[in-house]
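Every chain is numbered from 1 and lettered A, B, ... according to where its sequence line falls, protein lines coming before strand lines. Since the structure is predicted, the reported quantities are computational estimates derived from the model, not experimental observations.
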Amino acid sequence: MRYEAPRSVEEAVTALAGQTGAHVLAGGTDLLVKLRSEMIAPELIVDIKRIAGMREITAEEGGWRIGAAVSGAEMGEHEGLCADWPGVVEAAELIGSTQVQGRATIAGNLCNASPAADSVPAMVAASAVARIAGPEGTRDLAVIDVPQGPGKTALGPGEFITSIFLPPRGARSGDAYLRFIPRTEMDIAVVGCGISLSLDEAGRISGARVALGAVGPKVILVEAAAEALKHRALDAGALDDLATACARAATPIDDKRGTAEFRRHVAGVLARRVAVIAEARAKGDTA
Amino acid sequence: MALDDSKKTREFKVVGTRPDRPDGIDKVTGRARFGADMVAPGMLTGRVLRSPHAHARILRIDTSRAEALPGVKAVVTRADFGAVPAHVADIMENCLAGEKALYDGHAIAAVAAVSASVARQALRLIEVDYEVLPHVTDVDEAMKPDAPVLHEGRQQETVPPGMSGNVISRCEFGHGDIEAGLKQADRVIERTYRTAATHQGYIEPHACLATMTADGQGELWVCTQGHYMVRNTCAAILGMDQGRLRVTASEIGGGFGGKTTVFLEPVALMLARKSGRPVRMVMSRSEVLRATGPTASTSIDVRIGMTKEGRITAGFAELRFQGGAWPGSPVGMGAMSGFAPYDLENVKTVGWDVVTNRPKAAAYRAPGAPMAAFAIESAIDELAHGFGLDPLEVRLMNGADEGTKSSYGPTYPAIGLKATLEAAKSHPHWTAPLGKNQGRGVACGFWFNFGGDTSVSLSVTPDGTVTLTEGNPDIGGSRAAMTMMAAEELGIPYDQVRTVIADTGALGQNEVTHGSRVTFSVGLATIAAARAAKAEMCRRAARVWGIDPDAVEWEDGAARPAGPNAGKFPPMTIRDIAAIAPKTGGPISGHHEVMAEGAGVSFATHMVDVEVDPETGATKILRYTVFQDAGKAVHPSYVEGQFQGGAVQGIGWALNEEYIYGEDGILQNAGFLDYRIPVASDLPMIDTVILEIPNPGHPYGVRGVGETSIVPPLAAIANAVSAAAGVRMTQLPMSPPRVLAAIQAGG
């Protein structure tokens with residue numbers, strides 16, 4: 001097994017080109033676990049942490065570009081990011097333990113392509129875009145289009161994510177993420193829900209993005225939920241319609257982590273709770 | 001040994017204080033050596049090939065390709081061991097399968113190689129032909145007459161004809177007339193309860209390092225609860241004299257009963273014998289969960305009658321425990337213990353021991369008792385609430401006391417059940433207000449406690465400090481407790497005594513660290529050994545003073561003339577006597593060997609508040625208080641630690657922990673992600689109240705405290721969740737999907 005730590009995106013692309021059994025290392029919190037548990041036997045590991053910009057959060061056109069090696073803990077310490085996208089940050093901060101937080105990245109969380117990934121529904125709700133480098137050059141792909149199924153992504157051979165872009169946070173808007181786990185931490189989402197809301201001047205919902213995790217083979221953007229909320233105040237009726245839309249959109253399975261029926265129900269419960277938080281944030285509540 | 005003068009309260013100087021544990025620094029700085037921390041020159045890595053099937057006949061094992069791999073030094077299968085004595089036959093079968101693989105993860109073969117990666121490769125080169133057989137993993141399914149049968153010819157005479165061969169034995173306990181008792185009741189309830197198999201969840205995986213010399217002498221470094229047991233078992237399996245195998249216990253990262261047998265050890269010794277090299281084996285977490293002892297899963301029917309005043313007129317329980325692939329589930333202890341807190345005229349329990357295609361159950365903290373208590377304490381709670389009675393008062397009304405004939409036979413001496421109930425009743429927790437969706441539950445629990453073979457030696461060094469040598473791994477602060485009892489008895493400071501856990505070459509037979517026996521039995525032997533050393537020191541002083549040894553007494557760490565008639569001599573301290581020992585008869589030591597009896601039973605009452613989220617079924621533990629009789633708490637912090645630890649393991653068992661098997665008989669959650677033990681943020685501070693009702697069988701009144709604390713939580717939490725959710729929960733774990741389904745069905 002070889003290990004390389006290139007200093008530029010170009011070097012990384014070269015190292016990965018044509019190499020079978022190559023794995024990209026950023027935080028390593030999935031990769032090293034797979035290595036230790038003998039699920040993979042890489043021939044090459046390309047560590048991207050030393051590439052310029054990979055560990056930086058930079059302002060860009062009113063939004064934020066988050067380098068692929070930025071950890072959850074670093075996101076949590078970034079005031080601007082926390083102010084604009086608290087839902088994405090709180091999702092990223094749910095990944096693993098305090099120790100894991102010092103390493104785990106949202107780009108890695110996305111590439112691991114687990115249906116239960118915590119940061120992915122929050123990123124999808126935020127309309128996040130992944131920047132991808134590869135042998136054919138650089139391209140941008142909406143985060144929702146990256147996962148293709150459990151363990152599968154839209155990344156081609158030799159491609160890797162260099163950053164995640166979060167667009168400008170509009171006026172009177174807010175986001176939030178909650179997950180359901182049987183414990184209080186150190187667990188994997190049985191259902192995850194990320195919502196981003198924008199309000200008009202009257203406090204009615206002008207735009208909504210509702211995303212569910214762990215209730216299908218990949219993250220689900222619930223268009224019907226967004227439609228149900230549009231131009232309405234977030235009252236009891238709107239919340240009921242939101243919950244119904246989410247429960248309907250969920251396509252869960254029965255497994256050791258919960259029954260399909262339970263997951264469908266909890267998808268609706270979480271959506272209500274997340275929407276209330278997102279609305280409060282849109283109204284300027286910073287809690 | 002009887003309690004010292006039970007009429008007056010003894011003033012202790014060291015016992016009852018809270019000094020730092022002598023092994024603490026090493027453990028918090030990472031210096032302590034656990035099972036996997038030992039190395040030897042030329043050491044090989046051993047690895048185990050495990051069955052991917054729940055039940056399969058092994059038609060052929062071909063190890064030739066693995067043996068030919070460069071770096072592989074030995075491969076062993078069951079064939080290498082030949083016939084073994086009957087008393088270790090099942091253990092042998094569990095360590096390496098013979099004719100059949102009996103569960104997912106059952107060991108089939110093992111290799112020793114120069115590195116882990118070579119060993120891993122070698123395992124892939126071992127060819128095994130299996131004939132896959134039908135399997136059964138559920139206890140009730142396994143009892144059906146048409147269930148796949150694991151073993152022929154193992155059923156005992158206690159089982160009526162016509163039952164499945166998986167039903168190994170039946171046991172029965174109790175007295176009185178159940179039907180007559182039920183007729184006196186104002187209400188009789190009948191319920192069926194189910195509990196899932198749970199694992200002890202110790203943090204340290206099984207690990208050992210074995211060496212075998214060409215002349216047949218062996219050494220073993222091992223993480224275990226009892227290295228004497230390891231020696232005796234491995235010697236029997238390998239056909240060695242016990243004296244030729246020396247076993248040293250490493251520090252131990254938890255056991256809870258699960259390290260009271262062997263898994264890797266005979267295999268490591270055989271690999272070492274075949275390779276001529278030291279062999280180290282360390283299990284992964286997945287191996288620990290798949291192939292070492294969880295406890296039994298159970299199905300229990302309960303029938304209890306109660307008068308409207310709260311008097312229990314009769315109690316009956318039928319308990320079905322599956323204990324994995326071989327006989328020996330803890331159903332007998334469950335059947336004995338479930339009604340033990342109560343003084344009942346009519347009580348009967350029947351237990352069935354059943355085998356299934358699961359790993360063999362190992363002991364787990366009060367084996368069998370938590371499940372029985374869950375069923376019986378749930379039913380009592382439901383009856384009490386049905387009559388609008390206070391559940392603590394109902395338990396007090398029916399509670400066992402000194403002189404009560406217990407449900408399992410013996411008549412109790414002084415016991416502490418009612419003291420724990422009275423303490424619970426007067427505690428502020430009992431009357432604290434509850435909020436919306438919150439509920440409070442209480443339950444009682446009992447454990448027998450145990451004594452057993454114990455051998456200790458205490459020596460006075462030439463400078464007058466003391467070394468205490470004992471043979472039980474320190475799993476719960478026992479070094480500190482022994483040090484304290486030796487210091488107390490000798491009248492010297494705690495820091496003048498050092499306690500060493502000796503290897504099997506140093507002492508006589510010591511029973512495994514189980515049955516909450518160590519502080520009681522080893523403590524009792526330590527006190528006796530210290531008294532022997534004191535008597536010898538008094539003789540030495542008498543010799544110096546030229547007076548009769550009977551005229552010398554020991555007080556405050558020194559020999560003194562006993563009264564004015566003995567003569568006027570300045571006291572001789574332990575240092576003074578040690579310094580002149582060569583001139584007065586040589587080295588000074590005391591030792592004691594005993595088959596300890598008189599381990600006093602221990603009772604507890606637990607109280608817990610929970611909040612249930614009615615939309616998700618999630619349960620949060622809000623407040624938890626343990627009330628337990630310790631007899632005499634030698635080191636109160638470690639007694640509290642035992643109370644808290646049992647409660648926490650019970651919380652995991654009640655809420656989330658379970659072995660999940662697929663239709664294919666394969667364990668679905670062999671890792672700590674999906675086998676959910678509680679994490680710190682799941683728990684409130686567990687409050688504790690220590691009661692001290694002296695055990696008549698120990699000089700200081702000590703009772704074992706390690707196990708009773710896991711007996712009440714399952715029921716206490718079920719009672720609290722049922723109150724909070726408004727629906728009676730009868731199946732564990734009370735995981736969110738199950739609680740939500742119950743709420744939705746109930747509403």
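For the set B:I660, B:L655, B:V679, the count of heavy-atom pairs under 4.5 angstrom toward chain A peaks at B:V679. For the options A:V269, A:V266, A:I188, A:D187, heavy-atom pairs under 4.5 Å to chain B are most numerous at A:D187.
The contact list for residues 248-259 of chain A toward chain B, using heavy atoms and a distance under 4.5 Å, reads A:K256, A:R257, A:G258 by residue number. Below 4.5 Å, heavy atoms of chain B meet heavy atoms from A:F180, A:P182, A:R183, A:T184, A:E185, all part of residues 175-185 of chain A. Against chain B, no residue from residues 104-120 of chain A qualifies, as none has a non-hydrogen atom under 4.5 angstrom away.
Only the side chain of B:L740 comes within contact range of chain A, with heavy atoms under 4.5 Å apart. Residue contact with chain A, scored on non-hydrogen atoms closer than 4.5 Å, is absent for B:R285. Contact of B:D682 with chain A is made through backbone and side chain together, with heavy-atom distances under 4.5 Å. With a 4.5 Å cut-off on non-hydrogen atoms, B:S735 does not touch chain A at all.
Environment of CD in B:Q438: crowded, with over 12 heavy atoms of neighbouring residues, nucleotides or ligands closer than 6.0 Å. Counting heavy-atom neighbours within 6.0 Å of B:K620 NZ, excluding the residue itself, gives a total of 12 or less.
Annotation: side chain of B:T616 is in contact with side chain of A:R273 (closest heavy-atom distance under 4.5 Å).
Residues passing the ring-ring contact (aromatic ring centres under 6.0 Å, His included) test with B:H135, sequence neighbours excluded: none.
Between B:R47 and A:E38 there is a salt bridge, with a side-chain nitrogen of the basic residue lying less than 4.0 Å from a carboxylate oxygen of the acidic one.
Atoms CZ and CD, from A:F262 and B:Q744 in turn, are 9.5 Å apart once rounded to the nearest 0.5 Å.
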